[in-house]
Amino acid sequence: MIEAWFYLLFFPGLIFQVICGLIFEWLDRKLLARFQRRVGPPWYQPLADMVKLFSKEDLLPEGVNDLVATLLPIVSLSAILTAGLYIPIAGFSPYSFEGDLIVILFLLSVPTLAYYLAGVVSVGIYSTLGGGRSLLQFFSYEVPLLIALSGPAILSGSWSVKQIMVSQATLGPFILFQPLGFLLAIVGLIGKLKRDPLDIPKAKSEVVGGPLTEFTGAKLAFWHLGMNIQAVLGIFLLVNLYLGWSKGANPLLTIPVFIVECLVLVVLLSGASAIFARLRIDQLAGLGWRILVPLGLLQLGFVILMGV
Amino acid sequence: MNKISIPIGPQHPLLKEPLSMQIDISGEKVLGGSLRLGYVHRGIERLAEQRTYVQNVHLIERICGICSHIHTTTFCHAVERLLEIDVPQRAYYIRAMMCELERVHSHLLWLGIIAKHVGLDTIFMHTWHDRELALDIMEELSGGRVSHATNQIGGVRFDLTDHQEAMIRTTITDLSLRVNNLLDVIKNEPALQARTRGVAKVSPEMIHQYCVVGPVARASGVDVDFRRDDPLPPYDQLDFNVITHNDGDAWARTVIRAEEARESLILCERILNEMPDGPVHVRAPRRVPEGEVVIRSEAPRGELFYYLRSDGSDKPARLKIRTPTLAALSLLPKQLSSIQVADIPVVMAGIDLCIACADR
């Protein structure tokens, strides 16, 4: 019983994920700043932002259903935190079971839907526009992402993230067999996180703040925190699925390797947001369905042939 | 889908200065828009009639925060022409150098803004960092980064020292390298081109119809530059290229500004090389003889038009200013049809609005 509470509250549950989310946000902002010849924020900036947002007045425009607007960020954050329980961290995963990859992917698509609903319930024009865009974006990145992530599962013959990771100890890291799948997964992840260059639903110069335009205070803090934790989980997931040579034999070696791999992915994500311009929504749909899906299918065919 | 109307402005992240647009959209398609101006109207033309010519130089400098120098230059030329005084050549050259530096920093500022609007914050940060070099030179010379107070009627307020000239030369060399590098980057950046190519095309006929001037006109293949067509001194003695493009889309407007910035830097060096010796200022009488004069000059955004009428007193009887942005603004609602919502920032930034100039 105490063990279960520890898992839920501390590791790999709430506290650990929140800290990781804040660290990720700081790293991301700092790296981006250095790419852009700026100094960047000090390490406690994300925490300070959170505290500040929590101390702000919580306002909603007239005509918005208060209950729904309060529930949406909470549901979104809880789905993300729950997904985090099933993702192995440096080989440690208390609740692993066969098929948890599908559960994780389902739970991680809840925030996008909540994000869309946030746009619909807040009555502003920019929110509605951003909400529509986020749904369109969802259809563009989700299919290539799922196709890409099913590659490692098929190659290892298991739909459990832990099993996939363990099987890479014998087969070799899957990034060697599926470089294309890895690339697609990163593009999908960027789309999922609505990060630059796929920040179409919240493009500031076009739709102001997207679905979150009308949110303030603690609700906004929950949204931001959720997005950052989601980024961390996405990175953990990709490290487990594609870079899984940290199989858990020696924790002194496994943990540093895991951290280094995560940092590499953080640099990749920050680099992508520094060097690419934002796409238009029609360009993203074209990219998703004309380029990413065929490439994903190609990769999948290769994986299936390898398995045979 | 239903037609909805989104407000852009008076306060919006897209805008740096207040301007209001109501844009009708249907889904992601833009159907049209209407424009409302006047949020930064300060009545400068009327104020100018109540102040002396000497005071007006400082008033007119405050019309714009980006192209402040070209406004005072044009005004001083107008007054000097009415006074019929001989301004020293060296003063003209110093004025021209400030004009070119102003063009460089205005164009770099604009390039940063268009990059920011398509989501390329990195280019935004780098161009604005490079732009600081041009501002550094202007600060070194005049002491001011935004309002330079370079001009006075009858010349300029300061002379170049040898030390300053050396500093300008090294900074310009450095800045040219960076502008070339920037040009290289934007020409090889596929995502930027995907967002700007073919967006908001303007034909030369439309340019003529709406009297659009400056880089927007030159990007559509209309060869107009008042530094060459109706030169104020010293441009009649200087040799420079006028850059035109034929595409007429947002991409052409992007490239043309980077190329003009490069050309202006070359011109700056030429001005430094050909700068004659001598005084930089002559004493001008306070009262201006009766008469009227029209002066046109090439501001960073295009033709700047000053009409000045004097009744023989020390205050102007009438000062009329027509800024290049006003012409471009009339084209804006026209451009905002059959584009996507995502193209609105590209279109609005593409004509390089300077609302403070347009409203005055």
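Every chain is numbered from 1 and lettered A, B, ... according to where its sequence line falls, protein lines coming before strand lines.
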Please report the shortest heavy-atom distance between Leu120(B) and Ala277(A), naming the atom on each side. CG-CB, 3.6 Å

Atom CZ of Arg36(B): over 12 foreign heavy atoms under 6.0 Å: no

Could you pull out the closest heavy-atom pair between His12(B) and Val208(A), with the gap in Å? NE2-CG2, 3.5 Å

State, with a plain yes or no, whether a side-chain heavy atom of Arg280(A) is found less than 4.5 Å away from one of Val199(B). yes

Examine distances only and state if a side-chain atom of Arg37(A) and a backbone atom of Met125(B) form a donor-acceptor pair shorter than 3.5 Å. no

Does any heavy atom of chain B fall under 4.5 Å from the side chain of Ile200(A), the backbone, both, or neither of them? neither

Kindly give the heavy-atom pair with the smallest separation between Ile275(A) and Glu189(B), and that separation in Å. O-OE1, 3.7 Å

Counting only non-hydrogen atoms closer than 4.5 Å, does His117(B) touch chain A with its backbone (N, CA, C, O), its side chain (CB onward), both, or neither? both

The interface call for Leu32(A) against chain B, heavy-atom contacts under 4.5 Å, is neither

Under 4.0 Å between a Lys/Arg side-chain N and an Asp/Glu carboxylate O for Lys29(B) and Asp282(A)? no

Should we count CZ of Phe138(A) as having more than 12 external heavy atoms under 6.0 Å? yes

CZ (Phe54(A)) with more than 12 external heavy atoms under 6.0 Å: yes

So Tyr126(A) and Pro7(B), do their side chains get closer than 4.5 Å, heavy atoms only? yes

Sort Ile123(B) into side chain, backbone, both or neither according to what part of it lies under 4.5 angstrom from a heavy atom of chain A. neither

Ignoring hydrogens, what is the shortest heavy-atom contact between Gln36(A) and Asp121(B)? Give both atom names and the distance. NE2-CB, 3.3 Å

Interface residue of largest heavy-atom contact number with chain A, from Ile25(B), Asp343(B), Ile344(B), under 4.5 Å: Asp343(B)

Is atom CZ of Phe124(B) surrounded by more than 12 heavy atoms (other residues, nucleotides or ligands) closer than 6.0 Å? yes

Winner by heavy-atom pair count (cut-off under 4.5 Å) against chain A, out of Ile6(B), Thr122(B), Leu192(B), Ile8(B): Thr122(B)

Segment of Ile4(B) engaging chain A (4.5 angstrom heavy-atom cut-off): side chain

